[in-house]
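FYI, side chains are in, hydrogens and waters are out, and symmetry mates aren't considered; it's all heavy atoms of this structure. Start at 1 and go down the list; that is how both ligands and their atoms are numbered.
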Amino acid sequence: MASAVGLLKRCYLAQYPPKATKASDPIRLGILGAAAIAPVAVIKPAVSHSEVVVYAVAARDMSRAQAFAKTHGIEKAYGGPNAYQELLDDPQVDAVYNPLPNGLHYEWTMKALAARKHVLLEKPAADTAAEVREMFEFAKRQGVVLLEAFHYRFHPAVVRAKAILDSGELGAVKSLDVKMRIPQGFMPDNDIRFIHSLGGGAMMDMGCYTMNTLRYFTSSDPTSVLDAKPDIFKGKNDSEHTDLIDTGMEATLAFPNDAIGTLTCHLRAPPKFRVIPIWPEMRLNMVCENGELDFFNHIMPVIYHSIKVSTKTGKEGKGRKTRVEKVYRPLQDGQKGEDWWTTYRYQLEAFVDKIKGREPDVWLTEEDSISNLEWIEKVYEKSGLGLRPASSFKLPSQ
Ligand SMILES: NC(=O)C1=CN([C@@H]2O[C@H](COP(=O)(O)OP(=O)(O)OC[C@H]3O[C@@H](n4cnc5c(N)ncnc54)[C@H](OP(=O)(O)O)[C@@H]3O)[C@@H](O)[C@H]2O)C=CC1
Ligand SMILES: O=C1OC[C@@H](O)[C@H](O)[C@H]1O
């Protein structure tokens, strides 16, 4: 009963967060595109943060920009073909959230960095690893913060699961399996995720999390891609190269010390036995020398999650001792958080801390973002689908 009340309370407060009194000099955030993810990723999280105000939005269509601004109480709306650049040229904007389609991440992040704005950039950071490297190098030269929005990494449940592994309690990792699947029926054929020129594909979308999860929990990069099997897009849209779009991917990767990682991602997972609809699935399982860790819902842990830890017991290790942990707020003294903070709220806290020159509780390095794309590329190469197209954009100074 208590846990059901907790769940309802967390979901309610995540949806309707308490309003923070704003500081006199908050970071003014501008959003590039009236994207579906923006309210969840930054608009709601900013409500309870005293040091951020979502100040502007830009959309390719003025009425869309205005409607979005009105719905979300955003002061400034830029619309039309030059709207994104106009937002970047606005001296009132301190930082930018870039939730454009993957294939536009590089161009608009480079332009935002050129305008000396800090950037919170949606995942995957770009279409190619070379572009990711360039963006981070440019951010450093410009003296601004750039963060790839792997929001799940900021949640204390994920931090705790990693700490369990790092503590040595379970011994060395032997195998990991990560699954992220959405049942078919949720995404139309013309979704940006099915458009090759926009960096589409399941391995780019859900797959970038699965790759990140494997690499994070092993604290290493893979050593090779052993196998990669795509499910090819069977729908129809007006774009080219839909035969190179994966709606799903299953890959097996070798890791140091003979560990094996498997990832499954799917944007249109078919029903079981062709008729039984499946639930969305987000799960991580790790088999280690001295036990096992099973993490249910590591991507959206605020709603509900469980970290089941089983350790071997007895003389020959045939017995099992099992416990379940649920972690909704940081376990370490001095770290910030509330039970109802979403992964995105934790992420925003870290982004703001970094901009303000404070040490965030959790941070993602540029090497992490670069390596993630490198290994996504290797999976695509192995699958036979090839890399996503690099952007043709070049900064005038390049
Ligand atoms: N962190 C997370 O949990 C999630 C992250 N994402 C990531 O966020 C990004 C956007 O996803 P999502 O919000 O679902 O996508 P949407 O399609 O809702 O938004 C994409 C935005 O891109 C703009 N855009 C600019 N050029 C184009 C173009 N040629 N075709 C289509 N759209 C264009 C549109 O802006 P305009 O308003 O100007 O027309 C649109 O609002 C992706 O990188 C995705 O991977 C997505 C969902 C969840
Ligand atoms: O978290 C997510 O859920 C839905 C996906 O398609 C999206 O891009 C991803 O980030």
Step-by-step ring pair (Phe, Tyr, Trp, His ring centres under 6.0 Å) determination, Tyr209 to His151: CA-CA 10 Å; Tyr209 287 110; His151 54 99; 5.5 Å; yes

Using atom types as modelled, flag every donor-acceptor pair under 3.5 Å from a side chain in residues 65-75 to any protein atom, sequence neighbours excluded.
{"residue": "Thr71", "atom": "OG1", "partner": "Ala67", "partner atom": "O", "Å": "2.8"}

For Lys123, take its heavy atoms, then give the atoms of ligand 2 lying under 4.0 Å from any of them. 7 (C), 8 (O), 9 (C), 10 (O)

Is there a heavy atom in Arg193 that sits closer than 4.0 Å to ligand 2? yes

For atom 6 (O) of ligand 2, what is the nearest protein heavy atom, given as residue, atom name and distance? Asp205 OD2, 2.7 Å

So is Lys76 actually on top of Tyr78's ring, under 6.0 Å and inside 45° of the axis? yes

Assign the ring pair Tyr12 / Tyr16 to parallel, tilted or perpendicular, where the plane angle (0 to 90°) is split at 30° and 60°. tilted

Using heavy atoms and a strict 4.0 Å limit, residues surrounding ligand 1 turn out to be Gly33, Ala34, Ala35, Ala36, Ile37, Ala59, Arg60, Arg64, Tyr84, Pro99, Leu100, Pro101, Asn102, Leu104, His105, Glu122, Lys123, His151, Ile192, Arg193, Leu198, Asp205, Tyr209, Tyr344

Backbone or side chain, does any N or O of His151 fall under 3.5 Å from an N or O of ligand 2? no

How far is atom 3 (O) of ligand 2 from its nearest protein heavy atom, and which residue and atom is that? Met206 CE, 3.9 Å

Atom NZ of Lys321 with >12 non-hydrogen neighbours under 6.0 angstrom: no

Interfacing atoms of ligand 2 (cut-off 4.0 Å, heavy-atom, Met187): 6 (O)

One should read off an interatomic distance between Lys123 NZ and Tyr152 OH, to the nearest 0.5 angstrom, of 11.5 Å

For Tyr209, take its heavy atoms, then give the atoms of ligand 2 lying under 4.0 Å from any of them. 1 (O), 2 (C), 9 (C), 10 (O)

Can you pull out every ring-ring contact (aromatic ring centres under 6.0 Å, His included) where at least one residue sits in residues 162-198? Sequence neighbours excluded, please. Phe194-Phe233, His196-His241

Candidate list Glu367, Glu374, Glu366, test salt bridge (Lys or Arg N to Asp or Glu O under 4.0 Å), partner Arg133, passing option: Glu374

If you link I, L, V, M, F, W and Y whenever their side-chain heavy atoms are under 4.5 Å apart, who else ends up in the same group as Ile276? Phe273, Val275

